Number of protein chains: 2
Amino acid sequence: MSLPAPLASSGDTETDSLEIEFHLDRKRPVADQVYEALKAAIVSVRLLPGTSISENRMCRHFGVSRTPVRSAIVRLADEGLIDVYPQQGSFVAPIRLADVYDRHFIRKHLELAVLAEVAKRWTAAKSAEARAIVATQVAAIEVGDPALFHERDEALHAAFAVFAEREGIWPTIQMAKARMSRLHRLFGPPERLPVVVEEHLSVLDALDAGDAALAHQRLEYHLDKIFETFDPMPEAYRPYLAD
Amino acid sequence: MSLPAPLASSGDTETDSLEIEFHLDRKRPVADQVYEALKAAIVSVRLLPGTSISENRMCRHFGVSRTPVRSAIVRLADEGLIDVYPQQGSFVAPIRLADVYDRHFIRKHLELAVLAEVAKRWTAAKSAEARAIVATQVAAIEVGDPALFHERDEALHAAFAVFAEREGIWPTIQMAKARMSRLHRLFGPPERLPVVVEEHLSVLDALDAGDAALAHQRLEYHLDKIFETFDPMPEAYRPYLAD
DNA sequence: CTCTGTACCCTTGTATACTAGGGTCCTATC
DNA sequence: GATAGGACCCTAGTATACAAGGGTACAGAG
């Protein structure tokens, strides 16, 4: 039988040099810390799709027992970020294109609905707060820190959820965003980042002008445009994809 | 300190008569079976909000060890259906009204977006399939089986996701629906069920007529109407609610 | 009678041991 | 030499043992 992972059995001879920064805090639940560390590593693609997640190796790496590691893996498997094959192994899930399309659908319609609520409550203060976040995105581009850029991008979208007084739906949007986040960080051309900033600003401009319909149109264009970046999917990316 | 559960320490003297039907199948992962059984019991409110979920009692009840039970509880805690208080206990989560509002927002906009896609692909065959499901809902009302009614209601909404060729977003809608499902099954007046059927049919009629805008309007009315059923929240329901 | 301290039992969190099944590689046989 | 079979090691799934902290009830002191 063929395993989905292209790397197979290496890793024993190598040193366990997993690039997961981690410092154990005995005062907090260990399982939560392992979960957060693993999730951050997967979403930021420091752990590439297909990477083997052996429970025992994680135990050695984190210096804890299998129980909290398993707990973390179960949670990540529920989120679709890890595939567990009993008696075979656990692997960072490939990026499934069908899944990405579905998540884009969810994210797009939720963010547009949030935007409609935001438009009703738009104020100069909110505009200033949003533009301040965009400014930090610009700064992230200038220092060449794409990870920081994406972090600030999340902050901007989260702020909109707060503006709409729908803070509770942010986790759902974020989970939908996580899948595409891996695509962006893997393949997203860096030269598009300034364009993203401009599109963000164009939405804010429409809101400042009190034109909700225009803001809607511009956000929809922005979201679809980002998505189409990967329309001609280069063959080199195949190892990380599925479906 | 005050625990959220109103029942406290009883349960030892009583027999463990948890109303969770369960038959262990040793060929399937035990953890999955426990998860499914617990989730079904919670969503169908056979396990009321606030009920204590002691891991040890679950072990005795299911006849398994703590490990798979813990795995199931972790997953349900992630979904917000169980609250875990370390060193104190785990309890079926109360119905948080703020959460219900957010989930309704998510469900409404996603279902409306799905409807728009369905309208583009509407055929006589799909209409017949949908109406067949509605017919089973009518049958469920006639035999007085609200659990079956809700099961068929889920089937109808799932069918729409399939019609829209967006099967992948159904889990997200379903998770949003789960919260309100508990409200409906607890407090939903049975006399409203026939009205629900009529509203479902009115949407199908609009689709048959090829009027997507009318279908949109009627579905939005239907979803909001269901939600407003609980607008004057009787004080008797307070023990099961929070926020 | 009131208050405080302590012992016990409950809880979840963590660690470890054992089970069952799949992959691989080596060996023996044809 | 090619192929089949078996031993070994890996995996995740499950069971059990231990640790740490909170709740409660009871007993003793003031």
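So you know, we letter chains A, B, ... as the sequences are listed, proteins then strands, and number each from 1. Not measured: the values here are computed from a predicted model.
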Problem - Under 3.5 Å donor-acceptor, A:Arg179 side chain and A:Met175 backbone - result: yes
Exercise for the section: Let me know the distance between CZ of B:Arg75 and P of D:dG13, rounded to the nearest Å. Expected result: 11 Å
Practice task
To the nearest Å, give me how far apart CD (B:Gln33) and P (D:dG13) are.
Solution key: 14 Å
Practice task
Answer yes or no: does atom CD of B:Glu167 have more than 12 heavy-atom neighbours from other residues, nucleotides or ligands under 6.0 Å?
Solution key: no
Fill in the blank from the handout: Between A:Pro94 and A:Arg182 the two heavy atoms that sit nearest each other are O-NH2, 3.5 Å
What nitrogen or oxygen pairs link the protein and nucleotides 14-16 of chain C at under 3.5 Å?
| unit_1 | atom_1 | unit_2 | atom_2 | d |
| --- | --- | --- | --- | --- |
| C:dT14 | OP1 | A:Val30 | N | 2.4 |
| C:dA15 | OP2 | A:Ser65 | N | 2.9 |
| C:dA15 | OP2 | A:Ser65 | OG | 2.8 |
| C:dA15 | O5' | A:Ser65 | OG | 3.4 |
| C:dA15 | N7 | A:Thr67 | OG1 | 2.7 |

Tabulate atom names and distances for all N/O pairs under 3.5 angstrom spanning the protein and nucleotides 6-8 of chain D.
none

Practice task
Tell me, with the steps shown, if A:Arg107 and A:Arg103 meet side chain to side chain contact (heavy atoms under 4.5 Å, CB included).
Solution key: CA-CA 6 Å; A:Arg107 179 198 173 186; A:Arg103 299 292 171 163; over 6 Å; no
Handout entry: Nearest atoms (heavy-atom pairs only) where B:Leu156 meets B:Ala130
Key = CD1-O, 3.9 Å
Completion exercise
Whole-Å distance, B:Gln88 CD to C:dG13 P, equals 11 Å
Exercise for the section: Mind checking B:Ser71 for me? I need base, sugar-phosphate or nothing, with any heavy atom below 4.0 Å counting as a touch. Expected result: nothing
Handout entry: Shortest non-hydrogen separation from A:Gly144 to A:Pro146 and the atoms involved
Key = O-CD, 3.3 Å
Handout entry: Audit row: A:Trp170, A:Glu154, side chain to side chain contact (heavy atoms under 4.5 Å, CB included) steps and yes/no
Key = CA-CA 10 Å; A:Trp170 168 239; A:Glu154 290 233 333; 4.0 Å; yes
Fill in the blank from the handout: To the nearest 10 degrees, the angle between the two end axes of the helix from C:dC1-D:dG30 to C:dC30-D:dG1 (five pairs per end) comes to 20°
Handout entry: Rounded distance in Å - OH (B:Tyr35) to P (D:dG13)
Key = 16 Å
Exercise for the section: Please state how far atom NZ in A:Lys27 lies from atom P in D:dG21, giving the value in whole angstrom units. Expected result: 12 Å
Exercise for the section: Mind calculating the distance between CD1 (A:Ile73) and C1' (D:dG13) to the nearest angstrom? Expected result: 12 Å
Practice task
Round to the nearest Å and state the distance from A:Gln87 atom CD to D:dT11 atom P.
Solution key: 12 Å
Handout entry: Below 4.0 Å: OP1/OP2 of D:dA12 and any side-chain N or O of A:Ser90
Key = yes
Practice task
Would you mind checking if B:Arg121 and B:Glu165 are paired as a salt bridge, meaning a charged N to carboxylate O distance below 4.0 Å?
Solution key: yes
Practice task
Give the rounded distance in Å between these two atoms: CZ of B:Phe91 and C1' of D:dG23.
Solution key: 11 Å
Practice task
Decide, yes or no, whether a salt bridge links A:Lys177 with A:Glu111 under the criterion of side-chain N to carboxylate O below 4.0 Å.
Solution key: no
Practice task
For D:dC10, take OP1 and OP2 only and decide whether either is under 4.0 Å from a side-chain N or O of A:Asn56.
Solution key: no
Handout entry: Main-chain N/O of A:Arg28 paired to A:Gln33 side chain as donor or acceptor, under 3.5 Å
Key = yes
Practice task
Look only at the side chain of B:His109 and the backbone of B:Phe105, and say whether a donor-acceptor pair between them is shorter than 3.5 Å.
Solution key: yes
